[in-house]
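Numbering of residues begins at 1 and proceeds along the displayed sequence.
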Amino acid sequence: MPATDPFNVVFLGAGNIMFGSDEGPWNHSARFEKKLGDRFRMLAVVDPNLPRVHQTIATKRTDPAVRHAYLNTEVYGTLDDLIAAYKGKEDTIRVFVIGLPPAFRGGVTTGTDFELRVSKAFPNAHLFIEKPVSTGSLEDAFKLGEILSQNIPRIVSVGYMMRYLRAVSHVKKIIDEQKLIVMATNARYACAYPSCMKPDWWDKSLSCGPIVEQATHFCDLSRFFGGPVDLGSVQARALEWNEPAGKLTKIHPGVKEETIPPENRIPRATTAIWKYKTGAVGHLTHIVALQGASYSCELEIFADGYMFIIEDPYNTPRLRIRSPLSDEEEVIVCKDDDPFLEEVSVFIDAIENKDNYIVRSPFIDACETYALTCAIRIASERK
Ligand SMILES: NC(=O)c1ccc[n+]([C@@H]2O[C@H](COP(=O)([O-])OP(=O)(O)OC[C@H]3O[C@@H](n4cnc5c(N)ncnc54)[C@H](O)[C@@H]3O)[C@@H](O)[C@H]2O)c1
């Protein structure tokens with residue numbers, strides 16, 4: 001019998017990832033609505049930008065398809081206000097979705113200990129946490145990961161949604177069935193920079209730069225196939241903003257890059273290589289060069305006899321496969337694939353079936369991706 005009971009969720013942060021924007025297909029509220037249907041109840045939203053949240057909730061209430069979920073949504077400006085309001089009824093909240101900027105979370109010290117405060121006040125709630133896990137101390141991120149993993153019944157999933165692409169599942173299945181060992185991964189992530197409209201994104205002191213903030217998706221996917229990385233092997237080079245080839249002409253007018261201290265401006269292209277612990281090699285190029293709106297992203301995975309190429313993960317993902325059977329590539333177009341829906345769906349199924357193992361991005365593993373992106377950034381900045 002499918003469950004019919006209300007499923008109570010609280011959103012911490014109410015920005016683009018949570019409620020959608022023109023920046024891309026991300027919008028967690030839409031995926032929770034789709035997965036849970038009539039069962040979905042948004043109990044509360046916490047975000048200091050109260051007028052915007054009230055407006056967002058009011059708009060949701062005008063949509064008959066989802067109105068039921070938002071009829072009683074409460075809005076709080078701070079986590080402390082939510083904690084105070086839920087004293088004695090903590091267990092009514094089943095899930096927290098944490099989508100505020102990483103500067104406030106991913107740590108264990110005051111100001112970065114958001115998840116810790118949530119997990120202490122609501123020990124039985126499950127957590128869905130956005131990437132990157134942190135922009136602060138790597139050691140503290142791992143400490144937090146250890147603490148979160150001590151409470152076993154709690155499901156914690158990190159928003160590396162590309163792990164849930166159908167193309168990714170298909171490649172994983174072939175690798176498992178054929179008992180392949182990945183020999184090399186080659187990732188290219190080219191963003192369309194006029195659509196990067198947030199001033200913080202252009203400031204390394206706030207976002208940690210485009211490898212930690214954006215290429216993290218492809219570093220994570222590379223690790224998903226290649227396995228643990230020998231961090232000491234990471235080498236990288238960057239094209240910086242003030243070098244002749246680094247000039248960009250179409251930065252969004254809302255971003256005043258000239259007001260960002262020169263040392264905090266982001267590189268335009270970064271290329272990195274590393275060794276996996278198996279001996280396999282990894283390569284990444286991240287580029288801030290394309291105009292228009294669509295990104296161009298591609299990941300190649302090689303193993304004995306096989307080449308897999310995952311293309312266009314944000315739009316219409318395609319998978320090209322060459323196998324020992326033929327030099328001719330098989331092409332699989334994954335129409336209507338929605339990895340954001342799949343990651344939310346798996347998270348909820350994990351909670352309802354009490355099955356931690358189906359979550360593809362546990363917190364500690366996501367810390368390893370953070371470690372790789374930090375190592376690339378540090379190596380690329382080395383003179
Ligand atoms: N998986 C993806 O593809 C994807 C896409 C977009 C964003 N993200 C991630 O989601 C996170 C948020 O990004 P965004 O684009 O939604 O940012 P955003 O700036 O649009 O929204 C962040 C929101 O957090 C709120 N906020 C700030 N401090 C807060 C606090 N202490 N408590 C509660 N709310 C607070 C802000 O007022 C804002 O509304 C980032 O980590 C980003 O990397 C992931």
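Each of Val97 and Ile93 belongs to its own hydrophobic cluster when Ile, Leu, Val, Met, Phe, Trp and Tyr are linked at side-chain heavy-atom distances under 4.5 angstrom.
Contact of the Arg31 side chain with the Glu342 side chain is not registered, since no non-hydrogen atoms from C-beta on lie closer than 4.5 Å.
Open room surrounds CZ on Arg237; 12 or fewer heavy atoms of other groups in view lie less than 6.0 Å from it. Other residues, nucleotides and ligands contribute over 12 non-hydrogen atoms within 6.0 Å of the NZ atom of Lys35. Heavy atoms from other residues, nucleotides or ligands lying under 6.0 Å from CD of Gln291 number more than 12.
Exactly one residue among Tyr160, Tyr370, Tyr189 makes a side chain to side chain donor-acceptor pair (under 3.5 Å) with Thr216. That residue is Tyr160. The one candidate from Tyr70, Phe96, Phe19 that meets the ring pair (Phe, Tyr, Trp, His ring centres under 6.0 Å) condition with Phe11 is Phe19.
In this pair, His217 and Tyr314 present their aromatic rings perpendicular. The plane angle is above 60°, beyond the 30 to 60° band. Using bins of under 30°, 30° to 60° and over 60° for the plane-to-plane angle, the ring pair Phe347/Phe128 lands in the perpendicular bin.
The existence of a salt bridge linking Glu328 and Arg322 is excluded, since no basic side-chain nitrogen approaches an acidic carboxylate oxygen closer than 4.0 Å.
When the ring pair (Phe, Tyr, Trp, His ring centres under 6.0 Å) test is applied to Tyr306, the partners found at least two apart in sequence or on another chain are Phe308. For the ring pair (Phe, Tyr, Trp, His ring centres under 6.0 Å) test, no residue two or more places apart in sequence or in another chain qualifies with Tyr193.
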